[in-house]
Structure formats: C-alpha cells, structure tokens
Number of protein chains: 2
Amino acid sequence: MKVVPKAEAVEAAPRLASRSSSRVARADAGTLPLDTILNGDCVAELSRLPARSVDLVFADPPYNLQLQGELKRPDESRVDAVDDEWDQFESFQAYDAFTRAWLLAVRRVLKPTGTLWVIGSYHNIFRVGSMLQDLDFWILNDIVWRKSNPMPNFRGRRFTNAHETLIWAAREPNARGYTFNYEAMKAANEDVQMRSDWLFPICSGGERLKDAEGNKLHPTQKPEALIARILLSASKPGDVVLDPFLGSGTTASVAKKLRRHFVGIERDPAYAEAARARVDATTPLPDAALVPAPSAREAPRVAFASLVERGLVTPGTLLTDARAQVKAMVRADGTLSLETAPGLGTVGSIHRAGAAAQGAGACNGWTYWHIETSEGLKPIDSLRAVVRSEMAMAAE
Amino acid sequence: MKVVPKAEAVEAAPRLASRSSSRVARADAGTLPLDTILNGDCVAELSRLPARSVDLVFADPPYNLQLQGELKRPDESRVDAVDDEWDQFESFQAYDAFTRAWLLAVRRVLKPTGTLWVIGSYHNIFRVGSMLQDLDFWILNDIVWRKSNPMPNFRGRRFTNAHETLIWAAREPNARGYTFNYEAMKAANEDVQMRSDWLFPICSGGERLKDAEGNKLHPTQKPEALIARILLSASKPGDVVLDPFLGSGTTASVAKKLRRHFVGIERDPAYAEAARARVDATTPLPDAALVPAPSAREAPRVAFASLVERGLVTPGTLLTDARAQVKAMVRADGTLSLETAPGLGTVGSIHRAGAAAQGAGACNGWTYWHIETSEGLKPIDSLRAVVRSEMAMAAE
DNA sequence: TTTGGAAATGAATCATGTA
DNA sequence: ATACATGATTCATTTCCAA
C-alpha cells in the first residue's frame with residue numbers, strides 16, 4: 001500500500017461554540033464555530049478548524065465537466081450547461097492536486113469515528129475515489145443516486161446519463177465506531193436492507209432556489225431528500241455535519257431540520273449569503289419526527305426485452321394477434337419484426353409493431369401480442385406477470 | 001491534459017482467420033484468430049494480435065478485493081468469498097501498473113471506431129476509470145448494473161452492496177463513428193431512451209456453470225443478459241468482440257449466440273477449456289432475429305434534388321411549412337427560393353431555406369417543408385420514403 | 001376557479017460524410 | 001488536418017397561459 005501521512009497525534013478535545021442562529025463569520029482558531037457558514041476557500045477555512053471535531057462531512061466538489069461546444073435540444077433551444085469558472089481545471093493533474101488538498105484538510109477535522117460522503121459524476125468520481133484510496137481513507141460503500149427525471153440525451157449517441165455516484169468512506173482502514181443507522185434505514189425501506197442504489201427526483205419546483213430574475217440561483221443544487229438520507233443513515237441528532245462546498249446551503253438547511261449541527265464553507269459571498277438566509281428560514285423538526293417515514297416502493301417497470309433477457313421468450317419465436325393471423329418474430333434485442341402485411345418487415349417495440357400491424361397510431365403490445373403455450377394462445381402480458389412476481393419475491 | 005502516446009501509425013488492414021469452431025490456440029502474428037480462445041497472459045497474447053482489428057472489448061479484470069479475514073452469515077455458515085490468487089495485488093500501485101499494461105495493450109488492438117467496456121466494483125473501478133482518463137480514453141457513459149438479487153450485508157454495518165459499475169469508453173477523445181444502436185435500445189425500453197442504470201439478476205441457477213463436485217466453476221461468472229445488452233447496444237453482427245479476461249466464457253458464448261466474432265484470452269487452462277466447451281455448445285440465433293433495427297441515421301442519403309430529377313416534385317411547385325404560412329418555390333436544381341418574409345428571395349437547400357424562414361441556425365428541411373397532395377399537406381420526408389423504398393427494391 | 005395544452009428546463013464531456 | 005453541408009434528435013416535471 002502507498003505510504004501516506006498518518007493522522008496527527010491525538011489532541012485535546014476541541015471546544016465547541018454553539019450559536020443560536022447561523023452567521024457568516026471567520027472561524028476562531030481552536031474553536032469549532034457550530035451552525036455557522038464560513039465564507040472563504042475551503043482548504044484555508046478547514047485549516048483553521050480544530051482537528052478531530054466533525055462527525056460527518058458531505059462534499060459536492062466541482063465535477064470538472066469538460067464541455068466543448070454548446071448543446072441544443074431538438075427544438076433548437078440551448079441547454080444551460082454548467083460552464084462556471086469554478087468548474088474549470090487545467091488538467092486532470094490540477095484536479096487531482098485540488099482533490100488531494102481538500103481531502104487532506106477534511107481528514108484532519110474528521111473525528112476518528114467520522115465518515116465522509118462525496119458526490120460526483122463519471123467526469124470526476126474516479127479521480128476522487130482513487131485519491132481517497134491513495135490517502136488511506138477506507139471506502140464503505142459506493143452509492144448510486146438514480147434520477148427519476150434526468151435530462152435526456154438529445155443527440156441519441158449515448159445512454160441517458162441518469163445517475164450520479166456517491167462514495168461513503170471512513171477516515172482510515174479498520175475505523176471503529178462510525179455511525180450507521182442500520183435499523184432506521186431498513187425501516188425506511190419496507191423492512192428490507194437499504195441498498196446501494198437510491199431513487200430520487202432532481203431538485204426542481206418550489207425546492208429550487210431562484211434569484212431575483214426567477215432563474216436558478218445555483219446551477220447544481222442537490223435535492224434535500226438525498227442529503228436527508230445521508231444524514232439519517234450516517235449521523236445522529238446533535239452530531240456535527242460539515243460541508244466544504246456548501247453552495248446554496250442544502251446540507252446546512254437539512255442538518256438544521258434534522259437537529260444536527262452544521263458547519264458550512266462557501267467561497268462565493270453571494271451563495272454564502274443566500275445559504276444563510278435559507279438556513280435562517282428553516283425550522284428544526286420536532287424530535288419525534290426524526291424517524292424516517294417508509295418510502296413507497298417503486299412500481300416495477302418491465303420491458304419486453306427483459307423477458308427475452310430472462311429467457312422467458314426465445315429470440316426467433318413467433319408472436320401473433322389474438323386470432324393468430326398477424327405474425328411477428330421476436331428479435332434478440334426485444335424488438336419485433338412483422339412477418340405479415342401490412343407492415344411486413346417493420347421492426348420496432350411490441351407497441352410500435354402492434355400499431356403498424358393494425359395501421360393504428362398506438363397499441364398496447366402487452367395485450368395485442370400472444371404466444372403459443374401448452375395451454376393455448378396467451379397474451380404476453382401473462383409473462384410479464386411472472387417477471388413482476390419474481391421481482392417482488394426478490395425484494396422481500 | 002496529460003500527454004500520452006498517440007495511436008500508432010496506420011497499418012495494413014489485418015488478415016482475419018475465421019475458424020468454424022472455437023479452439024484453444026496461439027495467435028499467429030499479424031492474423032486475428034477469430035472465434036478462438038487463447039490460453040495465456042492477456043498482455044502477452046494481446047501484443048501478438050494485429051493492431052486496430054477489434055470492434056468491441058469487454059473486460060472483467062480482477063477486482064482487487066482486499067478481503068480481511070473470512071465472513072460468516074448470521075447462521076455461522078461461511079461466505080465463499082473471492083480469495084483467489086489472481087485477485088491478490090501487493091498494493092494499489094501494483095494494481096495500477098497491471099491496469100495500465102492491459103489497457104494499453106487493448107488500445108492497440110482496438111479499431112479507431114472501437115469501444116471498450118470494463119466492469120468493476122468500488123474496490124477497483126475508481127483505479128480503472130482514472131487510468132482510462134490518464135491514458136486518453138474518452139468515457140462515453142458509466143453504467144450501473146443494479147442486481148435484483150444481491151447478497152445481503154450480513155453484519156448490518158453498511159448498505160447492501162447491490163450494484164456494480166461499468167465504464168463505456170471510446171479509444172480517444174473526439175472518436176468518430178463508434179457503434180451505438182440507439183433505436184434498438186430505445187425500442188427495448190418501452191420506447192424511451194435506455195438509461196445508464198440497468199436491472200438484471202445475478203448469474204445463478206442453470207446458467208451458472210458447475211464443476212464435477214457441483215460447486216460453482218468460476219467465482220465471478222457474469223449473467224449472459226448483461227453481456228447481451230452490451231453487445232446489442234455497441235456492436236453489430238459480424239463485429240469482432242474481444243475479452244482479455246474470459247473466465248468462464250460468457251462473452252464468447254453470448255457473442256457466438258448473437259453472431260458476433262469473438263476472441264477470448266484466459267490465463268487459467270481449466271477455465272479456458274471450460275469456456276471452449278461452453279462455446280461449442282452454443283448455437284447462434286437465426287440471422288433474422290439479429291438484423292439491426294432500422295436507424296434513420298444510417299439510412300441511405302437522398303438529396304432533395306433527386307426527387308426533382310425523378311419527377312416526384314416539379315420545378316415551380318410551392319412548398320410550405322406545416323401551417324401553410326411560409327412559402328418557398330422549388331427550383332430546377334433542387335434548391336428552394338423563399339417567397340415570404342423573413343428571408344424573401346433567399347435561395348438555398350431545403351435545410352438552409354427552412355433555417356432562414358425561421359431565423360434559426362439549423363433546420364431539418366425534410367420535416368419542415370410540406371407539399372400539397374390529394375390527401376392534404378404532407379412533409380416532403382414522405383417523398384423521400386418513396387425513393388428509399390424504390391432503392392431497397394432495386395437492391396434486391 | 002378549473003382545466004388543458006404549450007412552453008420551459010435540468011451537473012451534458014451529445015454527428016458525420018465529403019471535399 | 002480543417003471546412004462545409006447535410007440533417008438527426010428529448011423525458012419527466014413544473015410553470016405559464018388561455019379558455
């Protein structure tokens with residue numbers, strides 16, 4: 001293993017300075033300014049904070065998106081991309097140096113039992129994960145935030161980029177005593193263990209902060225539900241939560257709501273001020289309300305292709321309509337190829353193929369197409385029911 | 001950006017040696033041994049293969065799991081963990097050197113239009129992703145394989161590790177012409193874009209290869225459905241698929257089934273032999289089940305002028321937008337002349353004229369311009385469809 | 001006030017063949 | 001290598017506006 005500087009010698013327990021309301025202020029040396037938003041560079045501000053004083057760090061660093069030209073939607077409207085100055089780095093080397101600096105600064109302020117969460121996309125998360133390992137952090141999980149409403153891929157050249165990745169890491173290997181509220185997470189997930197893939201909508205609507213002109217205040221505001229799950233899973237009421245890239249203040253606001261202390265660091269004075277106002281407008285939940293409510297399990301969406309993938313339908317099989325007059329062949333990718341006129345040779349989804357066979361604009365392929373079984377012709381919807389029950393079994 | 005060795009000079013097109021059945025054999029220098037399983041170290045074997053000869057690489061490298069001690073279930077039964085010799089590395093540095101070596105060897109054999117898939121977990125995927133970026137590969141997507149039936153977390157100290165991560169990358173930035181079967185993926189996903197999160201069960205049951213004692217043959221056998229989606233999305237029938245860590249032969253078997261050529265490399269003679277037997281027992285699907293779904297992007301190009309030449313549109317005809325408000329006259333050379341403001345008098349292609357009429361930067365003239373028919377106003381794209389079907393008839 | 005359709009929008013590494 | 005013309009391409013949600 002790569003040799004890295006070990007944690008500094010044990011220091012005296014730091015003094016904590018709790019304040020009744022959040023303030024934009026400088027940190028006093030040796031005192032942790034609780035429930036405060038610090039305006040400044042995160043490494044500089046972190047270096048002023050006492051060592052081993054923070055229970056949980058949530059970090060949403062710049063992603064180093066390397067956007068080239070501009071992107072337009074099919075309707076010719078322009079996509080408002082993240083092209084801010086703070087997301088520009090000269091090279092991967094420069095990004096790595098930046099990452100190393102703030103991770104080391106974070107490690108110093110973390111308690112030995114503290115843990116770190118970092119969020120990113122494929123542009124930066126591999127750099128962050130490697131650096132965490134190089135610096136001798138210990139990865140506990142990688143977590144996938146599945147977006148229920150991601151931006152589509154407008155040019156049709158890739159898969160829809162529908163998730164971001166979080167890394168949850170302990171301060172060092174063999175760290176003992178970190179917080180994981182296993183039972184709370186299980187209770188919040190229909191009494192089965194919480195998995196490493198989480199489904200949340202992106203931040204929009206009333207939750208999204210707007211500026212005076214009605215434009216989004218911050219380009220990358222995260223949903224409160226995502227941060228809440230992190231705090232509920234890996235911290236306790238009264239713990240200290242630190243965010244070195246506070247932005248619009250989501251972490252601070254959620255921490256206050258969930259009765260955790262917070263320390264936020266933000267470079268941009270305008271963001272810091274907006275975050276302060278946001279936190280001041282936040283009311284902590286009643287103590288009794290901190291138990292998470294069970295989340296509704298998502299209705300499984302089953303694609304016909306998954307029946308093929310699972311071997312329930314073999315490529316080459318002929319499907320027919322209910323009268324066994326229209327025929328279509330199942331292809332390996334889960335599409336159908338019409339074998340009879342009208343539409344002979346048409347290839348498409350079960351719905352498209354059904355519509356083409358009828359000369360209709362739309363069709364529910366699940367009920368239109370039938371498959372020959374030992375018990376006669378049956379709609380393919382009966383196979384979907386099999387997959388759904390298997391998925392339900394797997395979830396229990 | 002880090003400077004990396006650029007791709008070698010263009011070489012003569014490699015000779016391909018197709019064999020009727022898979023064989024464990026050595027690669028001849030300069031000849032790609034199609035549908036063959038090579039038994040040896042992947043870097044050594046790759047270096048014997050011709051450069052720029054492979055369309056798609058799927059790699060499932062050692063995960064470098066770093067397990068400490070054995071894990072028991074709540075009932076005290078022992079979890080059969082991956083602790084094989086091939087998964088042991090001295091350090092992250094050693095793992096990085098290994099990763100760098102096989103990635104460079106893979107890059108050499110990839111065609112300029114070829115792409116690479118790598119699967120991993122949080123133990124190794126950050127190392128792999130960083131190295132890909134350092135070596136100037138270009139990440140197209142990261143994909144999450146969500147396991148419908150993951151192994152639970154027995155200790156209750158972390159989230160259930162319920163996913164693995166794949167990286168899909170092009171050989172270099174600005175790579176042109178890589179294969180992505182967008183329409184097929186969309187059709188396979190209920191007619192909405194395929195997302196970056198995929199749900200599949202782990203490989204178990206009859207699909208899981210067993211040894212003579214009935215134990216699992218290979219510790220990390222991947223599900224065929226996962227590999228099938230990769231091949232169906234990013235390759236075409238007849239393409240060459242290479243797997244440098246073939247293991248139990250899933251990639252080769254799925255490639256044969258989907259009528260792609262394969263080259264497999266496996267270090268362990270026992271695995272190589274088992275994979276050979278597995279491939280020999282695999283039957284390719286009928287061609288008809290595999291012909292790529294029609295893609296508008298790959299349809300033959302038809303110039304508007306050719307419609308005029310064929311008499312489908314007469315010079316002097318007035319075309320309009322869908323609302324019949326903007327008008328343009330068809331000229332004998334296949335260009336349009338705008339008859340209404342804005343842009344009155346502008347002459348240019350159907351696309352230029354459409355853009356000018358809308359004051360837009362770009363326009364698809366085929367869908368913008370309409371022509372009066374006995375059945376009402378129709379987009380000129382319907383005339384192009386006529387020409388294309390005539391061309392298809394003539395080709396048969 | 002209600003309803004239905006149009007418009008807006010979100011961390012995006014988003015084209016290709018021919019000259 | 002660069003330049004230019006062709007022409008392919010979007011999902012879930014919220015907000016706005018007209019009827």
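Please read these numbers as outputs of a predicted model, since none were measured by experiment. Note: hydrogens, waters and symmetry copies are ignored here, and every other heavy atom, side chains too, is used.
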Margin query: Return the pairing partner of C/dG5 with a 3.5 Å limit on both distances, Watson-Crick or G-U wobble; otherwise return none.
Written below: D/dC16

Next item on the list: Assign each of B/Arg297 and B/Leu140 to its nearest nucleotide of DNA chain C by heavy atoms, then name whichever residue's nucleotide is nearer the 5' end.
Entry: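 Its nucleotide being nearer the 5' end, the pick is B/Leu140.
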
Side chain of [X], base of [N]: donor and acceptor closer than 3.5 Å?
{"X": "A/Lys147", "N": "C/dA11", "result": "no"}
{"X": "A/Arg157", "N": "C/dT13", "result": "no"}
{"X": "A/Asp80", "N": "C/dA12", "result": "no"}
{"X": "B/Arg352", "N": "D/dG7", "result": "no"}

So, is [X] near the phosphate of [N], with a side-chain N or O under 4.0 Å from OP1 or OP2?
{"X": "B/Asn364", "N": "D/dA8", "answer": "yes"}
{"X": "A/Asn64", "N": "C/dT13", "answer": "no"}
{"X": "B/Ser349", "N": "D/dT6", "answer": "yes"}
{"X": "A/Lys72", "N": "C/dC14", "answer": "no"}
{"X": "B/Lys186", "N": "D/dT10", "answer": "yes"}
{"X": "B/His351", "N": "D/dT6", "answer": "no"}
{"X": "B/Arg176", "N": "C/dC14", "answer": "no"}
{"X": "B/Tyr368", "N": "D/dA8", "answer": "no"}
{"X": "A/Tyr122", "N": "C/dT13", "answer": "yes"}
{"X": "A/Arg208", "N": "C/dA11", "answer": "yes"}

Base, sugar-phosphate, or nothing: which does [X] touch, judged by heavy atoms less than 4.0 Å apart?
{"X": "A/Gly69", "value": "base"}
{"X": "B/Ala303", "value": "nothing"}
{"X": "A/Pro150", "value": "base"}
{"X": "A/Cys203", "value": "nothing"}
{"X": "A/Ala81", "value": "base"}
{"X": "A/Ser121", "value": "nothing"}
{"X": "A/Pro223", "value": "nothing"}
{"X": "B/Arg195", "value": "nothing"}
{"X": "A/Glu70", "value": "base"}
{"X": "B/Gly177", "value": "sugar-phosphate"}
{"X": "A/Ser148", "value": "sugar-phosphate"}

Note to self: I'd like to know if the side chain of A/His163 pairs up with that of B/Asp142 as donor and acceptor (distance under 3.5 Å, no hydrogens or angles considered).
What the structure shows: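 The answer is yes; a qualifying pair exists.
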
Note to self: Any donor-acceptor pair under 3.5 Å linking the side-chain atoms of A/His123 with those of B/Gln133?
What the structure shows: no

To the nearest angstrom, how far is [X] atom [atom1] from [N] atom [atom2]?
{"X": "A/Asn149", "N": "D/dT14", "atom1": "CG", "atom2": "P", "result": "8 Å"}
{"X": "B/Asp136", "N": "C/dT13", "atom1": "CG", "atom2": "P", "result": "18 Å"}
{"X": "A/His163", "N": "C/dT13", "atom1": "NE2", "atom2": "P", "result": "10 Å"}
{"X": "B/Asn141", "N": "C/dA11", "atom1": "CG", "atom2": "C1'", "result": "15 Å"}
{"X": "B/Met194", "N": "D/dC11", "atom1": "CE", "atom2": "C1'", "result": "15 Å"}
{"X": "B/Gln193", "N": "D/dA8", "atom1": "CD", "atom2": "P", "result": "17 Å"}
{"X": "A/Asp87", "N": "C/dT13", "atom1": "CG", "atom2": "C1'", "result": "11 Å"}
{"X": "B/Leu336", "N": "D/dG7", "atom1": "CG", "atom2": "P", "result": "12 Å"}

Using atom [atom1] in both nucleotides, what's the gap between [N] and [M] to the nearest angstrom?
{"N": "D/dT13", "M": "C/dT13", "atom1": "C1'", "result": "25 Å"}
{"N": "C/dA8", "M": "D/dT10", "atom1": "C1'", "result": "13 Å"}
{"N": "C/dC14", "M": "C/dG10", "atom1": "C1'", "result": "15 Å"}
{"N": "D/dA19", "M": "C/dT1", "atom1": "C1'", "result": "12 Å"}

Note to self: Is it the case that the side chain of A/Asn124 and the backbone of A/Val128 share a donor-acceptor pair, with hydrogens and angles ignored and the cut-off at 3.5 Å?
What the structure shows: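 No: the side chain of A/Asn124 does not pair with the backbone of A/Val128.
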
Next item on the list: Output yes if the stacking criterion (under 5.5 Å between centres, under 30° between planes) is met for A/Phe154 over the base of C/dC14, else no.
Entry: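 No; by the centre-distance and plane-angle rule, A/Phe154 does not count as stacking on C/dC14.
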
Item checked: Aromatic ring proximity B/Trp168/B/Tyr178, centre distance under 6.0 Å -> yes

Check: Between A/Trp102 and A/Phe245, is the gap from one ring center to the other below 6.0 Å?
Finding: yes

Check: Is the number of heavy atoms from other residues, nucleotides or ligands within 6.0 Å of CZ (A/Arg352) greater than 12?
Finding: no

Notebook entry, point to check: If you measure from the Lys or Arg side-chain nitrogens to the Asp or Glu carboxylate oxygens, is any gap between B/Glu190 and A/Arg384 under 4.0 Å?
Noted result: no

Note to self: Taking A/Glu266 first and then A/Arg278, would you say they form a salt bridge - that is, a charged N and a carboxylate O separated by under 4.0 Å?
What the structure shows: no

Margin query: With syn defined as a glycosidic angle within 90° of 0 and anti as the rest, where does C/dT13 land?
Written below: syn

